[in-house]
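Values below: all heavy atoms of this structure, side chains included; hydrogens, waters and symmetry mates excluded. In each ligand, atom 1 is the first atom listed, and ligand 1 is the first ligand listed.
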Amino acid sequence: MRNSIEKLYRIANRKSRVIIGLMSGTSLDGLDIALCRVSGNGRETQVELLEFATFPYEPVFGRRVREVFARPDGELEKICLLHPWIAAEHAQMILQALQNWNVSPETVDLIASHGQTVYHAPRSFHDVPGYPDATLQLGDGDHLACATGIITISDFRQKHIAAGGEGAPLAPYGDYLLFSDPGMSRLLLNMGGISNFTFLPAGKGFDAVFSTDAGPGNTLMDAYVQKYFDIPYDADAGIAMQGQLHEELLQNLMSHPFFEWPFPKTTGPELFNLDYLAKAMNTTSGGDCIPHGDVMHTLAHFTVRAILRSLEECLSSDTPVRGYVSGGGASNPLVMALLKEALPTLEFTNTSTLGLNPDAKEAVLFALLANEMVSGEHHFQGKKGYPWVSMGKISFPD
Ligand SMILES: Nc1ncnc2c1ncn2[C@@H]1O[C@H](COP(=O)(O)OP(=O)(O)OP(=O)(O)O)[C@@H](O)[C@H]1O
Ligand SMILES: CC(=O)N[C@H]1[C@@H]2OC[C@@H](O2)[C@@H](O)[C@@H]1O[C@H](C)C(=O)O
């Protein structure tokens, strides 16, 4: 153990570290693996993305995780079995990726593993008296460390909650370290299963940052076409484009108290799922016979309307700001067209114009959080819901 601590101390004191960042999202499509060279820390952090790949999951992964994913009745034994099993699956993918890249595991200093969120329950959602905000990610760090021989930092979200946050979004930490700009306010919008964004006011400190989950990104559209078309997602919004907006359904979708909850707030497929859609359709006149294309078109509007509702909190029409999108929703032409229509003065590009592959952004985030955990020297001024703390648990291979 002493050797491991001494090794970690040496890693912490080096000018740069080789860190593998991992992210597995709510679409359960695959594991993002980002091999990074991270230099410095705090606002002096520099990241070089050496390699990136998304390793697609075998169907068995999605099948097994979905037995508990976002389900309040998830069976304890399945959750227990998934924790080491997901870690073993991820370890195998990491070792395969390193082999593909001709990189020896011995040259990797740290793994930074988000794991797989299976349940996210902020108090505003679970509403169980006497219980705190809570979240659960599976894929145990000790198993990852033993299987790869690499010191592993994992389970980042627990410390965020312990220090006063809701466990998410964590993107603002990485966004602030890498992308805050003295001369231009920036909006980093991630449209994955759930949409979340970070607003970085020009030249301001971390305490001026605004970040929140906004609502469903792709998760409802994906779930709908998976159920009615047996396809993973509506590629290029082909189905949605054939439909039209059903205004009353959109109003009903937007009527949930979530959209009035105070900021920052977090959510997940625990709330935004097909039951949520069914309830909205049941309260819509003729809701049981809305054509699939109209439902999908309306869900695209829902994704954008939810984002706009949260943006009202931090953007005014005369705020000069540059927008950068990430997440698969950025590939949805209908969502992007509706965004641009609603925000005509906000030019959206993606983080590749800032030197970071948008597909790798979330995995790189966890590499940054691990870097701050082991080598960070700065405690930036946080604010309610955004504590600046070291996040993650350390697992040694021996
Ligand atoms: N060409 C496309 N047209 C429409 N939608 C697309 C396209 N490509 C990707 N998507 C959407 O992006 C999703 C995958 O993106 P991403 O990996 O960001 O989601 P995610 O893993 O759920 O992210 P997160 O974990 O942040 O929620 C797909 O399920 C789909 O909804
Ligand atoms: C509990 C959880 O896994 N939340 C995810 C999810 O996916 C997007 C959004 O909801 C975000 O809050 C978060 O992930 C990103 C990486 C974050 O923490 O910033």
Side-chain angles (χ1 to χ4, degrees), residues 21-32 54-57 62 65 69-70 112 114-122 125 133-139 155-158 160-161 165-176 188-198 209 211-226 231-241 264-272 296 299-300 303 306-307 310 325-337 350 358-369 385-386 391:
L22 303 176
M23 179 61 190
S24 181
T26 55
S27 68
L28 301 176
D29 52 353
L31 177 67
D32 294 341
T54 296
F55 270 57
Y57 288 134
V65 172
F69 181 74
H114 168 262
Q116 178 65 54
T117 295
V118 289
Y119 205 76
H120 183 66
F125 171 74
D133 296 311
T135 190
L136 181 61
Q137 286 72 45
L138 298 183
D155 209 13
F156 295 85
R157 299 186 188 279
Q158 297 306 325
H160 191 260
I161 291 177
E166 285 193 6
L170 300 184
Y173 300 93
D175 292 340
Y176 176 69
L188 288 300
L189 170 61
N190 175 70
M191 292 183 286
I194 295 295
S195 297
N196 60 293
F197 66 79
T198 303
V209 167
S211 182
T212 188
D213 284 357
N218 312 310
T219 189
L220 271 177
M221 291 183 280
D222 285 1
Y224 192 84
V225 293
Q226 286 162 13
I231 52 176
Y233 61 88
D234 179 17
D236 303 331
I239 297 168
M241 293 279 202
K265 54 191 167 186
T266 62
T267 189
E270 294 79 6
L271 172 58
F272 294 109
M296 285 297 289
L299 287 177
T303 290
I307 292 166
S310 291
V325 290
S326 60
S331 304
N332 183 319
L334 177 56
V335 165
M336 290 309 297
N350 68 51
D359 294 338
K361 184 170 180 287
E362 291 188 323
V364 169
L365 163 67
F366 290 94
L368 288 178
L369 292 176
Y386 305 96
M391 290 177 255

Where ligand 2 meets Ala171 - atom numbers and elements under 4.0 angstrom, heavy-atom basis: 17 (C), 19 (O)

Protein residues having a heavy atom less than 4.0 Å from any atom of ligand 1: Gly25, Thr26, Ser27, Asp29, Asn190, Gly192, Gly193, Ile194, Asn218, Asp222, Tyr233, Asp234, Ala235, Asp236, Gly327, Gly328, Gly329, Ser331, Asn332, Glu362

Close N or O approach (Asn190, ligand 2; < 3.5 Å): no

Contacts of Ala112 that satisfy side-chain contact (heavy atoms from CB on, under 4.5 Å) - sequence neighbours left out: Ile19, Phe156, Phe366, Ala370

Thr117 and Arg157: CA distance, side-chain angles, deciding distance, side-chain contact (heavy atoms from CB on, under 4.5 Å) verdict: CA-CA 10 Å; Thr117 295; Arg157 299 186 188 279; 4.2 Å; yes

Gap between atom CG of Leu188 and atom CG of Asp175 - 0.5 Å precision: 4.0 Å

Protein contact to atom 17 (C) of ligand 2 [nearest heavy atom, distance to 0.1 Å]: Leu170 N, 3.2 Å

Structural part of Thr135 in contact with ligand 2, heavy atom criterion under 4.0 angstrom: side chain

Euclidean distance, His120 NE2 relative to Leu271 CG, rounded to 0.5 Å: 11.0 Å

Verdict with reasoning, Met221 to Asp234, per side-chain contact (heavy atoms from CB on, under 4.5 Å): CA-CA 7 Å; Met221 291 183 280; Asp234 179 17; 5.9 Å; no

Gap separating the CG atom of Leu299 from the CG atom of Asn218, nearest 0.5 angstrom: 11.0 Å

Point-to-point distance, once rounded to the nearest 0.5 Å, from CG of Asn332 to OH of Tyr233: 10.5 Å

Separation of Glu270 CD from Ile194 CD1 (nearest 0.5 Å): 8.0 Å

Verdict with supporting geometry, Tyr173 and Leu368, side-chain contact (heavy atoms from CB on, under 4.5 Å): CA-CA 8 Å; Tyr173 300 93; Leu368 288 178; over 6 Å; no

From CG (Leu22) to CG (Asp32), nearest 0.5 Å: 9.0 Å

Ligand 2 contact on Asp213 by region, counting heavy-atom pairs under 4.0 Å: side chain

N/O donor-acceptor pair under 3.5 Å between Gln158 side chain and Thr135 backbone: yes

Atom 6 (C) of ligand 2 - nearest protein heavy atom and its distance: Ile194 CB, 4.3 Å

side-chain contact (heavy atoms from CB on, under 4.5 Å) between Thr54 and Asp359, worked out: CA-CA 9 Å; Thr54 296; Asp359 294 338; 5.6 Å; no

Nearest neighbour in protein (non-hydrogen) for atom 1 (C) of ligand 2: His120 ND1, 3.4 Å

Polar proximity ligand 2 side, Leu365 side, N/O cut 3.5 Å exclusive: no

Option with minimal heavy-atom separation from atom 14 (O) of ligand 2, where the choices are Arg157, Glu362, Glu270, Met23: Arg157

Atom 8 (C) of ligand 2: the protein heavy-atom neighbour that sits closest, reported with distance to 0.1 Å: Asn196 OD1, 3.4 Å

Nearest-neighbour protein heavy atom for atom 3 (O) of ligand 2, which is reported as residue plus atom name and distance: Thr117 OG1, 2.6 Å

Subset of ligand 2 atoms that lie under 4.0 Å from at least one heavy atom of Pro169: 12 (O), 17 (C), 18 (O), 19 (O)

